[in-house]
Amino acid sequence: MKKVMIACLLFFGIAAMSIAQDSGTKAVPAESFKVGGTSIAIPPPITKMSEAGHDNREFMEIVVAPNNRLIAAFLLTKDLPKLTKGLDGLMISKYAMVQVSRRGEYMDCKSSDFKEVTDSIKAQFGEVIGSSTKKAEYEFNRRMKSLDLDAATVSFGKPIQLGCLFSKQDAYGFGMLTPLSMGGENMKMGMGATLMRVKSRLLFVYLYAEYKDKETVRWLRKTTEDWSDAIMEANK
């Protein structure tokens, strides 16, 4: 399972449990990050998560899609000390990332632009998800081979779409479950993804959790929307 969890961290960064006891973000202060020269406050998704910090973000940057820049990364607070030792042995059941397109980071995103992007996703949802999964698998395996880690190559199954999680004026959330296998080990990872327009910047916000049962999906749906609302509230 260790290798599979490592694969999850890398793959979902390229694409990105005691669930009932997790609380939201209201009591956690939001740290500010620069996005296209604009300061944007980003609180953690849940109180049990902490931002990885500059050094860890630089390390995790290598697993982000080449066209994106990692703005913030959140792990369960208990997992942070393990990250400094590298990925080997790091078991991650939940984590989150906020990214921005390198090419579009300094471009203002108007309301009309945001609507155009979300309308495109709605119209081509299945094709977009399928294409992203194939590209992520190719990119991940290419990077592993370049590091002489052929044994770490991974295979992803057909994503199970959770559809639209919520739709608001400046935030659109959708989700999926993705089966994957590595070294003979299998698991399923859930993702809640949100496109957000914050201070005229377009953010890609991802929340991940290892799939256990239907409660995982319920948690993803609720926490993805709660986190989106918290980010919006922190930037009023």
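This structure is a prediction, so every number in the text was calculated from the model and none was measured. The analysis underlying the following values was restricted to heavy atoms, covering all of them including side chains, and did not include hydrogens, waters or symmetry mates.
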Subject >> R201 and I40: CA distance, side-chain angles, deciding distance, side chain to side chain contact (heavy atoms under 4.5 Å, CB included) verdict >> reply: CA-CA 9 Å; R201 295 290 179 258; I40 294 181; 4.0 Å; yes
Original post:
If we ignore angles and hydrogens, is there a donor and acceptor under 3.5 Å between the side chains of S39 and K34?
Top reply: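 Yes - a donor-acceptor pair under 3.5 Å links their side chains.
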Would you say the side chain of [Y] lies within less than 4.5 Å of the side chain of [X], judging by non-hydrogen atoms?
X: K48; Y: K78; value: no
X: Q99; Y: R69; value: no
X: S228; Y: M196; value: yes
X: P179; Y: F156; value: no
X: I46; Y: L76; value: yes
X: T224; Y: V205; value: no
X: M232; Y: V198; value: yes
X: T38; Y: F33; value: no

**OP:** Begin with the C-alpha distance, continue with both residues' side-chain angles, and end with the deciding distance and a verdict on side chain to side chain contact (heavy atoms under 4.5 Å, CB included) for R197 and Q169.
**Re:** CA-CA 9 Å; R197 177 177 173 268; Q169 181 175 342; 5.6 Å; no
Subject >> Side-chain ion pair, E233 and K236, N-O less than 4.0 Å >> reply: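 Result for this pair is yes, salt bridge flagged.
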Original post:
Do the charged groups of K188 and E210 touch, with an N to O distance under 4.0 Å?
Top reply: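 Between E210 and K188 there is no salt bridge, as every charged N stays at least 4.0 Å from the carboxylate O atoms.
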So, [X] side chain and [Y] main chain: donor-acceptor pair closer than 3.5 Å or not?
X: D226; Y: T223; answer: no
X: Q161; Y: M176; answer: no
X: T216; Y: K212; answer: yes

Original post:
Is K94 close enough and on-axis enough to W219, meaning under 6.0 Å and within 45°, for cation-pi?
Top reply: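 Yes - K94 lies over the ring of W219, closer than 6.0 Å to its centre and within 45° of its axis.
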Taking atom [atom1] of [X] and atom [atom2] of [Y], what is their separation to the nearest 0.5 Å?
X: S32; Y: I42; atom1: OG; atom2: CD1; result: 8.5 Å
X: L165; Y: T194; atom1: CG; atom2: OG1; result: 7.0 Å
X: C109; Y: L203; atom1: SG; atom2: CG; result: 9.5 Å
X: Y95; Y: L75; atom1: OH; atom2: CG; result: 9.0 Å

State, to 0.1 Å, how close [X] and [Y] come at their nearest heavy-atom pair, and which atoms those are.
X: K168; Y: F114; result: O-CE2, 4.4 Å
X: A234; Y: P43; result: CB-CD, 4.3 Å
X: I231; Y: A41; result: CG2-O, 4.0 Å
X: F204; Y: V100; result: CD1-CA, 4.0 Å
X: A193; Y: Y206; result: CB-CD2, 3.8 Å
X: T178; Y: P159; result: OG1-CB, 4.1 Å

Subject >> side chain to side chain contact (heavy atoms under 4.5 Å, CB included) between M187 and L180, intermediate numbers included >> reply: CA-CA 6 Å; M187 72 172 298; L180 59 119; 4.0 Å; yes
**OP:** Fit a plane to each ring of Y172 and F174, take the angle between them on a 0 to 90° scale, and name the class: parallel (under 30°), tilted (30 to 60°) or perpendicular (over 60°).
**Re:**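 It falls in the tilted class, 30° to 60°.
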**OP:** List the steps, then state whether side chain to side chain contact (heavy atoms under 4.5 Å, CB included) holds for R221 with R218.
**Re:** CA-CA 5 Å; R221 287 183 180 276; R218 186 205 66 79; 5.9 Å; no
